[in-house]
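Notes follow the structure.
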There are 2 protein chains.
Amino acid sequence: MAKKKQTLKEVAYEFIKNKIVNCEYQPNAFINEEMIASQLNVSRTPIREALMRLEQEQLVSILPKRGIVVCSLTPDLIASIFETRLLLEPYIIENYGMYIDRCKLEDFKRLYGGDYRKDKVEFEIDDEFHSLIYHASKNPYLIKTLENTTFQNQRIRVYSGIKVFRVPDTYDEHIQIINALLDEDYKLAAKRMREHILKSRKNSLEIVFSS
Amino acid sequence: MAKKKQTLKEVAYEFIKNKIVNCEYQPNAFINEEMIASQLNVSRTPIREALMRLEQEQLVSILPKRGIVVCSLTPDLIASIFETRLLLEPYIIENYGMYIDRCKLEDFKRLYGGDYRKDKVEFEIDDEFHSLIYHASKNPYLIKTLENTTFQNQRIRVYSGIKVFRVPDTYDEHIQIINALLDEDYKLAAKRMREHILKSRKNSLEIVFSS
DNA sequence: ATATACACTGTTGTATACATCATTGTATAT
DNA sequence: ATATACAATGATGTATACAACAGTGTATAT
């Protein structure tokens, strides 16, 4: 795996983003620039640059002269995330499904259906599947928006504190979407994607609001 | 007009963004941090912070160690902008039209229909009308995405070099949308919004590609 | 006891100096 | 003439020092 050269800003961005989406930096927690800088053995400058990007992605709020706070996970925010996904992802799959790499679809299908341990937690695979699909749109606005919802989605999964997040069901649903795509039935694939997201929303809301 | 206190980062952001959307910094032009810093009598720091935000909004590209370049206006980009608007704006108007401030709609209607000089160029009013509508969604992801398309839309208008940008037609179309909203016929309002954006796209593509 | 004034503290905001790298031009070898 | 090596240049990348401000606590006056 070739690790290409990154700027410290990018390193800091990845570092902080991972802490946030994995709730190591919890919602509503305050972040101290200098603390992170010393952890990474860099100056505050790249940290600040990373935080500005994270503010754009709605993962932190910068309160001028007061501090940086991790965005809270409110019911409204969760509703917005799923509303966005429900609007964009089925649209993309219906209109750009023909451009999705068949080989990669087959890879996912093997991964899901084969000897892969279904009880293993692999959020990344779920995210990668959705990423493969929405990148087919080639539309930077749609892609960026969905990437941002992915980050928040991961926060929801972690914050809800569950270890197994309906993974078997998710995989079955993904397989059904892939099958529709391989059959070139993009309307059906879009419909299944919509149902898949609806189930995911239902699950998230139940878990988050049961606490 | 109360001008609330801004950080230099915000001042720089507004300054540079306006230059870009008005094509004072043309597509593909290189931007020099220090030059802008001396123009604003500030250091490079707030300039850099503003540029990072503009990179997120896809108005500039930061080429590490090489420079900052204003994003180009390609056919693909224009297509993406209108695709995004066509997907989001009718959806919002159909689902959130009931939450749009009636008084403000009446204000726009008076503005369009009254003694307002229709031959006057007022891009801002067009943008404000669309802004009023998409803010009704209360969805930060949809709002942010549409704000970004607004910036690019302004670039297209200016770059195409026209002074009168189908303004009378635009106003008539807006009035029709407002009328449907005031009648609480949100499906019709959404349909008219869709047609409005389609016409705008057609107009933009013709002008940009005629050069 | 309450309210006001004011110094204190900790953080972010900004300016500045230096480091680093991509590029360009020049010189040298073949 | 071409190619390679290498120094020069100019921009961004990063570190550091200082300024400015929001919030807090303390002291004082009433």
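Computed from a predicted structure; not experimentally measured. The chains referred to below are lettered A, B, ... by the order of the sequence lines, with proteins before strands, and numbering in each begins at 1.
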(message) What range of DNA chain D does chain B touch, first nucleotide to last, counting atoms under 4.0 Å from its heavy atoms?
(response) D/dA11 to D/dC21
(message) Please name the nucleotide paired to C/dT30 by Watson-Crick or G-U wobble geometry with both distances under 3.5 Å, or report none.
(response) D/dA1
(request) Counting Watson-Crick and G-U wobble pairs only, both distances under 3.5 Å, name the nucleotide matched with D/dA17, or none. (result) C/dT14
Does a donor on one side chain and an acceptor on the other come within less than 3.5 Å for [X] and [Y]?
| X | Y | result |
| --- | --- | --- |
| A/Q56 | A/R53 | no |
| B/T84 | B/T149 | no |
| A/Y91 | B/E83 | yes |

(message) On a heavy-atom basis, which atom in B/I178 and which in B/K109 lie closest, and how many Å separate them?
(response) CD1-N, 4.0 Å
Rounded to the nearest angstrom, tell me the gap between atom [atom1] in [X] and atom [atom2] in [N].
| X | N | atom1 | atom2 | result |
| --- | --- | --- | --- | --- |
| A/I62 | C/dG13 | CD1 | P | 7 Å |
| B/E49 | C/dT14 | CD | P | 7 Å |
| A/I68 | C/dT11 | CD1 | C1' | 8 Å |
| A/Q6 | C/dT20 | CD | C1' | 17 Å |
| B/E34 | C/dA17 | CD | C1' | 12 Å |
| A/L51 | C/dT12 | CG | C1' | 11 Å |
| B/M52 | C/dT14 | CE | C1' | 15 Å |
| A/F30 | C/dT12 | CZ | C1' | 12 Å |

(request) Would you classify B/T7 as touching base, sugar-phosphate or nothing, given that sugar-phosphate means primed atoms plus P, OP1 and OP2, and contacts are heavy atoms under 4.0 Å? (result) sugar-phosphate
(request) With heavy atoms under 4.0 Å as the rule, sort B/I31 into base, sugar-phosphate or nothing. (result) sugar-phosphate
(message) Whether the side chain of A/N148 engages the backbone of A/E57 through a donor-acceptor N/O pair (distance < 3.5 Å, no angle test) should be reported.
(response) no
(message) Does A/K65 contact C/dT11 through a side-chain donor or acceptor facing the base, at a distance under 3.5 Å?
(response) no
(request) Please state whether the base of C/dG10 and the side chain of A/R66 form at least one donor-acceptor pair under 3.5 Å? (result) no
(request) Could you check B/P64 against B/K9 and say which one's nearest nucleotide on DNA chain C is further toward the 5' end? (result) B/K9
(request) Check A/Q39, A/E14, A/E24 against A/K19 for a side chain to side chain donor-acceptor pair (under 3.5 Å) and give me the one that passes. (result) A/E24
(request) Ignoring backbone atoms, test whether A/R48 places a side-chain nitrogen or oxygen under 4.0 Å from the OP1 or OP2 oxygen of C/dG13. (result) yes
(message) Measuring to OP1 and OP2 of C/dT11, would you say a side-chain N or O of A/N32 lies under 4.0 angstrom away?
(response) yes
(message) Tell me whether A/K104 is salt-bridged to A/D107, with the criterion being a basic N under 4.0 Å from an acidic carboxylate O.
(response) no
